[in-house]
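When a ligand or atom number is given, it counts from 1 through the structure's own listing order.
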Amino acid sequence: MYSPDEQRQLFNLTKELLKTPMPEKADADFAASLRKTIAYHEWRYYVLNDPVISDYEYDMLFKKLQKLEAAFPELKTPDSPTQRVSSDLTEDFPTVEHLVPMLSLDNSYNKADLVDFDQRIRNYLDLPEDYIIEYCVEPKYDGGSIGLIYENDLLVRGATRGDGYKGEEITPNLRTLRSIPLRAAFSKRGIAKVELRGEAIMRKDIFEKINKARENDGLPLFANPRNAATGGLRTKDPNETAERKLDAIIYHLGYAVDDQGNDLLPILGTHSAAIDFLNELGFIVPIHNENFPERTIFHNINDIVNHCQEWQDHRDDYPYEIDGMVIKVNNIELQNRLGSTAHHPRWAIAFKFKAKQATTKLIKVEFQVGKTGVITPVAKVEPVQLAGVTISSVSLHNEDFIRNKDIRLGDTVLVERAGDVIPYIVKPMEELRDGSEQPIVFPTHCPVCHSELVRLEDEAAWRCENPECPAQIVQRMIHHVSKNAMDIEGLGESTIERFYELGWLHTIADIYRLDYDKIAQLEGFGPKSAENLRKAIEKAKKQPLHRLLHSLSIHHLGVKASKLLAAEINYLFDLAEWDEERFTRIKDIGPALAHSVMRFFQNEKNIKILREMEALGVNMHQTEEDRPKAVNTEGPLFGKTILFTGSLARMSRKEAQAKAEAAGAKNLSAVSKNLNILVVGESPGSKLKKAQALGTVQILTEDEFLELTGG
Ligand code: IVH
């Protein structure tokens, strides 16, 4: 439909239009450009299921056109995208008319938008300012919307949203979804015919599983759960739909009449009551209880904004992909009075989360040398906003990653950032290439010390093997002082680099003989910060042995393995005496790690540095207090996290924690989403409330805990 050339032009035009301020006169060319680009993006989204811009960017284009047409009505054309609801109709399925239009939702992005929404409702209904409007807030599920019709309690038809007025009839496919009852007792409320609306959606864990299986079978992977769901709805083979294990979540009852055709919706009273009724009949709905705020009632906009923000922060913990929240006027009579515009109901609005995906241009690739000499290619991209932060560099991991995805210099790339996860490149947008893109050439020599790079068998990484490579030295020092290693506060990356350039640091031992008088004279430092640094370094000298081990940048030796090794020794140099067999007697320590630790301790240079550190007062001994405990993988609480609150009657807090650890559990210090078990003693306080609110924490009494752990 669109040639690669046209697509490229439209994409570039899009970015330009987004940057251009609104014209002040009736600019017909500008309006035509907006129409053209919007139509293109609708095709990418609805037909190909593969958008090239974020929803946010699309909305901004659309709003620009709407505004322009409102200011200069003469610019409006019959084919303007503002004149219809966008559509996913194809010729593959019979088209059917919805009983009530399935309109889309207006979008909001911040508090001001929601305040406007509330004000529009008040103005429209002529409500006084102090009138309390009840709102119901739910997640905005990111799947494929569906409409279901039941007649005399039987499912008779299921359809996609289509253009909002007509959809595609996909009843055989929808009948395979276990969460869509084929029969539901609507008649007990006198309802003879209903139309429900909801979302067919794939759970994130199922998406991961299905993609893994597809990878094993050599099938192309689904880009995201939404594509997997919408594709599953519109396949020709209902068996294929069934295999995708979709859930149908119902969030709207749009039409309900008795056998005389009388409207029964107002009798249900509120949206929330209607949804509760559907829940009773066996549908999956956004649940409403005090432990889990999936469907929550609010009476003011401030609370709604906070609630939406909280969901945005925790969206990654939720089993389904959601791209925002939906705010609905709860009272059905008010909903009816408000009605709809041609596009969306006036009584509901979506609060959109910050986009997790965006497209940007790959400008160049830098090759960074890590602490063990691994070369990591890093893409420098044109800065883009992703989930609220500006991204300008993205790791490309290794050469295979670049080759498998065929990423080239000058490509427009799709970048994603989910929650706290570091951004990554999903794919290059091949259709936007103009032939000027260049392959990424991997260096043959270290970009810093110029020694030849090697690629070890079974490893994806190219590595600089020169232990004197300045880049590695600096990276090793940065690692040595980092949070999980010696944890030296006030000695960050840039300070290390600065001290290195001043010639003060050659090895990690030099960190322990810094001259604080000289530091106090540096710009940006002073006696106070030099003294603080001295204290932090003195403190680090006493760190437990496993931290020291981890801080040495021994290849393969992470936090966990460092603890396993440290648990077995009394003195760091014991390890220098070990042979491979002694290493591999420890569960979870393999030959690769054994080799790498042995090689490290066979290297005289390393021993010399460690001896210097010992002389400077760095702890090299194991104490019983610090000795990491072996985790009991057979214990009844293995893999669980636990927390105690309130006063315990039969043991001290310390004893309880030791007991939990002996049973394989890990003690946490606060209630968080990572907590599995809360043991509650006398007068528990806020921790219990918090855990209950999470809804995912198992709550035990002291006796139940003792029983579980064997008395
Ligand atoms: S209510 C008449 N509630 O988001 C209004 N829609 O971008 C009925 N959506 O077209 C819609 N979660 O397909 C509603 N909790 C929810 C929703 C939801 C997802 C979809 C819906 C709509 C689209 C708008």
Side-chain angles (χ1 to χ4, degrees), residues 42 45-46 51 54-56 58-59 62-63 84-88 98-109 113 117 121 135-148 158-165 167-168 194-202 225-226 229-230 233 246-256 265 270-272 274-276 278-279 283-288 293-298 304 307-308 311 315 318-330 332 334-336 338-353 355:
E42 287 179 348
Y45 186 96
Y46 289 105
S54 65
D55 289 2
Y56 178 77
Y58 171 82
D59 285 347
F62 199 92
K63 284 202 170 148
R84 67 159 175 139
V85 192
S86 38
S87 150
D88 60 4
H98 300 302
L99 298 185
V100 270
M102 288 176 69
L103 302 178
S104 67
L105 292 170
D106 198 5
N107 289 329
S108 65
Y109 297 92
D113 293 347
F117 166 68
I121 291 174
Y135 291 107
C136 183
V137 182
E138 303 161 1
K140 184 171 179 307
Y141 300 97
D142 200 7
S145 12
I146 53 171
L148 303 174
T160 65
R161 171 167 166 260
D163 65 6
Y165 297 93
E168 288 173 321
V194 283
E195 190 170 45
L196 312 179
R197 182 155 174 207
E199 204 84 353
I201 189 165
M202 186 182 279
R226 182 169 59 82
T230 52
L233 287 181
L246 304 178
D247 287 340
I249 303 180
I250 307 299
Y251 46 66
H252 184 57
L253 206 167
Y255 178 90
L265 280 179
T270 63
H271 161 73
S272 200
I275 297 296
D276 279 334
L278 295 177
N279 193 17
F283 292 91
I284 303 185
V285 299
I287 59 164
H288 173 63
E294 226 174 12
R295 171 164 41 103
T296 322
I297 306 289
F298 289 97
I304 295 180
H307 179 75
C308 291
W311 269 82
R315 66 197 284 196
Y318 192 61
Y320 300 102
E321 286 279 6
I322 54 177
D323 59 343
M325 303 298 283
V326 183
I327 296 107
K328 304 173 179 178
V329 171
N330 202 24
I332 293 179
L334 287 187
Q335 287 186 358
N336 288 342
L338 284 160
S340 313
T341 71
H343 293 282
H344 37 73
R346 290 191 190 88
W347 47 267
I349 195 163
F351 180 91
K352 294 292 284 271
F353 291 159

**Asked** Who passes ring-ring contact (aromatic ring centres under 6.0 Å, His included) against Phe298, sequence neighbours left out?
**Response**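 So Phe298 forms a ring-ring contact (aromatic ring centres under 6.0 Å, His included) with His307.
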**Item:** Donor-acceptor contact present, side-chain His344 to main-chain Leu103, <3.5 Å
**Value:**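 Checking the backbone N and O of Leu103 against the side chain of His344, no donor-acceptor pair under 3.5 Å is found.
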Under 3.5 Å, N or O to N or O, is [X] touching ligand 1 that way?
X      : answer
Pro345 : no
Arg197 : yes
Lys140 : yes
Glu199 : yes

**Message:** Using every non-hydrogen atom in the two residues, find where Ala274 and Leu253 come nearest and quote the distance to one decimal.
**Reply:**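 Reported closest heavy-atom pair: CB-CD1, 4.1 Å.
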**Asked** Taking all atoms of both residues into account, what is the closest heavy-atom pair of Gln335 and Val329, and its distance?
**Response**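 Nearest pair, atom of Gln335 first, then Val329: NE2-O, 2.7 Å.
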Min side-chain heavy-atom separation [X]-[Y] under 4.5 Å:
X      : Y      : result
Val100 : Glu195 : yes
Tyr320 : Asp142 : no
Val137 : Arg295 : no
Lys352 : Asp59  : yes

Starting from [atom], what is the nearest protein heavy atom, named by residue and atom, and what distance separates them?
atom                    : answer
atom 3 (N) of ligand 1  : Lys328 NZ, 3.0 Å
atom 12 (N) of ligand 1 : Tyr141 N, 3.0 Å
atom 9 (N) of ligand 1  : Tyr251 OH, 3.4 Å

Under-4.0 Å heavy-atom contact with ligand 1, by part of [X] that carries it:
X      : answer
Leu103 : backbone
Leu105 : both
Ala350 : neither
Glu138 : side chain

**Asked** Say you draw a straight line from CG of Asp323 to OG of Ser54; how long is it, rounded to the nearest 0.5 Å?
**Response**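 Nearest 0.5 Å value for the CG-OG distance: 11.5 Å.
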**Prompt:** Does Met102 reach ligand 1, in the sense of a heavy atom lying below 4.0 Å from it?
**Reply:**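 It does not; every heavy atom stays at 4.0 Å or beyond.
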**Prompt:** For ligand 1, is there an atom lying under 4.0 Å from some heavy atom of Gly254?
**Reply:**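 For ligand 1, residue contact (heavy atoms, under 4.0 Å) with Gly254 is absent.
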**Prompt:** Quick one: side chain to side chain donor-acceptor pair (under 3.5 Å) partners of Thr296, sequence neighbours excluded?
**Reply:**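 For Thr296, no residue satisfies side chain to side chain donor-acceptor pair (under 3.5 Å) once neighbours in sequence are set aside.
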**Residue Pro139 vicinity, atoms of ligand 1 by number, heavy atom under 4.0 Å** =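 The atoms of ligand 1 under 4.0 Å from a heavy atom of Pro139 are 12 (N), 15 (N), 16 (C).
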**Request:** Give the atoms of ligand 1, by number and element, whose distance to some non-hydrogen atom of Ser145 is under 4.0 Å.
**Result:**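 Numbered from 1, ligand 1 contributes 13 (O).
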